[in-house]
Amino acid sequence: MSEETRNQNEEAVNQEVNEETATQDQLDQVVSVTKGDTVTGTIVKLDDDQAYVSIGYKYDGVIATRELEEGAEVGQEVVAKVVSLNDNKEQMVLSKRAIDGAKAWDQLEEKLASKEIFEVTITDVVKGGIVTDVGVRAFIPASMVERHFVEDFSDYKGRTIRVRVKELDRENNKVILSAKDVLEEEFEANKHKVMAELQEGQVIEGKVQRLTQFGAFVDVGGVDGLVHVSEMAWHHVGKPSDAVSEGDTVKVKVLKVDPEKGKISLSIKAATPGPWETASEKFSQGEIISGEVKRLVPFGAFVEIAPGVEGLVHISQISHKHIGTPQEVLEEGQTVQVKVLDVNPSEKRISLSIKETEEAPAGEARSEKSERSDRPERSFKGRDKGPRVEKIDNPNVSLSNQSMNVSLGERFADLSALKDKLGQSEE
């Protein structure tokens with residue numbers, strides 16, 4: 001065997017040994033993987049629906065791209081769980097969500113214990129509430145979204161809200177969150193702060209939030225106060241919607257603050273000048289104006305001459321003729337002309353007259369003097385009183401002067417003669 005041939009054989013043997021050594025080294029470096037293992041890998045390829053991840057195994061694993069964060073790219077490191085493994089087909093399925101989910105449950109349990117408030121983004125709107133992703137699917141029931149009732153949640157998708165863990169059931173993969181609890185807690189904290197700052201008698205601005213049958217709730221700094229229907233205006237208000245609408249900005253006066261009950265009483269009418277404050281400027285004595293009969297009472301009628309201003313028409317000022325009750329000539333709701341007799345704003349009194357706006361009927365009633373002048377005069381003679389003469393003007397009675405005249409001289413003469421006679425007998 002030549003020297004050349006021997007050298008060639010040796011090189012061939014050495015190459016075979018080196019190849020066997022390299023293959024063994026590569027096999028020694030291949031990681032051992034079983035189903036359920038948590039592995040760390042690098043994205044080596046991205047398709048539309050899946051990503052190829054090298055974890056140092058004989059072949060790459062795949063992860064659904066929907067499990068990756070938006071903007072994932074080749075070279076990015078990921079931690080995943082081996083969901084399935086088939087060496088015969090060289091198929092390995094990985095799941096990043098499975099790892100994220102386990103971490104999410106641990107974090108949610110910590111949040112539940114600490115009552116932590118955190119932000120979530122709404123991913124979907126379903127029947128009965130809304131859904132978000134916190135590493136696992138979480139549900140927020142409709143009753144736990146807002147402090148008030150919400151009919152349509154369609155515009156909540158994509159919105160970020162603050163929540164707290166309400167209920168966890170890891171075994172059944174159930175996560176319930178609540179935004180309402182957060183809002184209620186913040187509302188109560190703000191409510192106490194606002195109520196501590198409010199002072200009775202203070203005039204502030206507020207926004208009408210909602211109307212009820214008995215009044216309107218007005219937001220004053222994040223806290224609702226009640227304006228009762230009787231405090232909406234100086235005039236009578238039948239229902240709240242007659243005076244205000246939801247969304248209106250109004251001035252209100254703080255009537256009462258009750259921190260223990262959490263109630264604030266407000267007034268719209270008290271924040272504006274009262275009608276009686278300007279009554280003396282609006283109405284003057286002798287003025288004739290129109291008004292509406294509001295109430296009838298035995299002694300007269302109350303007539304509203306301006307919103308919140310009622311004057312009294314005494315029964316004697318209702319009609320030129322005598323009436324027993326105001327109802328004989330007036331009825332509630334009737335519009336009448338009245339004359340202002342007197343204005344007293346300090347006592348909130350205005351005296352009015354209806355009859356002085358009307359012309360008295362001709363030959364209505366004769367005066368008392370004329371009635372007395374028409375009465376006949378008669379002569380009476382009492383036991384202890386002197387004669388009283390009253391003229392008799394009656395054609396059916398005829399009395400002569402002779403029959404009526406009595407001579408006083410004759411009377412005195414008779415009396416003098418009687419005394420003389422009595423004197424003589426005593427002697």
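Side-chain atoms are counted along with the backbone in the values below, which use heavy atoms only and exclude waters and symmetry mates. Numbering starts at 1 and runs along the sequence shown.
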Measuring from [X]:[atom1] to [Y]:[atom2], what's the distance to the nearest 0.5 Å?
| X | Y | atom1 | atom2 | answer |
| --- | --- | --- | --- | --- |
| E358 | S319 | CD | OG | 7.0 Å |
| E310 | E292 | CD | CD | 9.5 Å |
| I289 | L352 | CD1 | CG | 6.5 Å |
| Q50 | E67 | CD | CD | 12.0 Å |
| I122 | I161 | CD1 | CD1 | 3.5 Å |
| Y57 | L85 | OH | CG | 5.0 Å |

Heavy-atom pair with the smallest gap, counting every atom of [X] and [Y]:
| X | Y | answer |
| --- | --- | --- |
| A98 | S95 | N-OG, 3.1 Å |
| M92 | V82 | CG-CG1, 4.3 Å |
| D152 | D155 | O-OD1, 4.0 Å |
| V237 | M232 | CG2-CB, 4.3 Å |
| G262 | K191 | O-NZ, 2.9 Å |
| V126 | V131 | CG2-CG2, 3.8 Å |

Donor-acceptor pair, side chain of [X] and main chain of [Y], under 3.5 angstrom:
| X | Y | answer |
| --- | --- | --- |
| W234 | K269 | yes |
| D258 | E260 | yes |
| D248 | V250 | no |
| H320 | K355 | yes |
| E328 | G324 | yes |
| Q76 | I43 | no |
| Q202 | Q199 | yes |
| N190 | G221 | yes |

Would you call [X] and [Y] a salt bridge, taking side-chain N to carboxylate O under 4.0 Å as the test?
| X | Y | answer |
| --- | --- | --- |
| D133 | R97 | yes |
| R164 | E185 | yes |
| K166 | D181 | yes |
| K96 | E69 | yes |
| D242 | K239 | yes |
| E184 | R147 | yes |
| E332 | K294 | no |
| E246 | K207 | no |
| R170 | E109 | yes |
| D219 | R210 | no |

Would you say the side-chain atoms of [X] and [Y] include a donor-acceptor pair closer than 3.5 Å?
| X | Y | answer |
| --- | --- | --- |
| Y156 | D124 | no |
| Q317 | S353 | yes |
| N86 | S84 | no |

Exercise for review: Please report the C-alpha distance between K339 and E287 in whole Å, then the side-chain angles of each, then the deciding distance to 0.1 Å, and finally whether the salt bridge (charged side-chain N to carboxylate O under 4.0 Å, His left out) criterion is met.
Suggested key: CA-CA 6 Å; K339 183 177 181 179; E287 183 182 2; over 6 Å; no

Review point. Just wondering, do V44 and V53 contact through their side chains at under 4.5 Å, heavy atoms?
Key: no

Practice item. Might you work through the side chain to side chain donor-acceptor pair (under 3.5 Å) test for S267 and E231, ending with a clear yes or no? Key: CA-CA 5 Å; S267 174; E231 292 293 333; 2.6 Å; yes

Point to revise | Residues, nucleotides or ligands: over 12 heavy atoms within 6.0 Å of E197 CD | key: yes

Practice item. For R159, look at atom CZ and say whether over 12 heavy atoms of other residues, nucleotides or ligands are found less than 6.0 Å away. Key: yes

Exercise for review: Mark yes or no: K111 above the aromatic ring of F118, with NZ or CZ under 6.0 Å from the six-membered ring centre and no more than 45 degrees from the axis.
Suggested key: yes

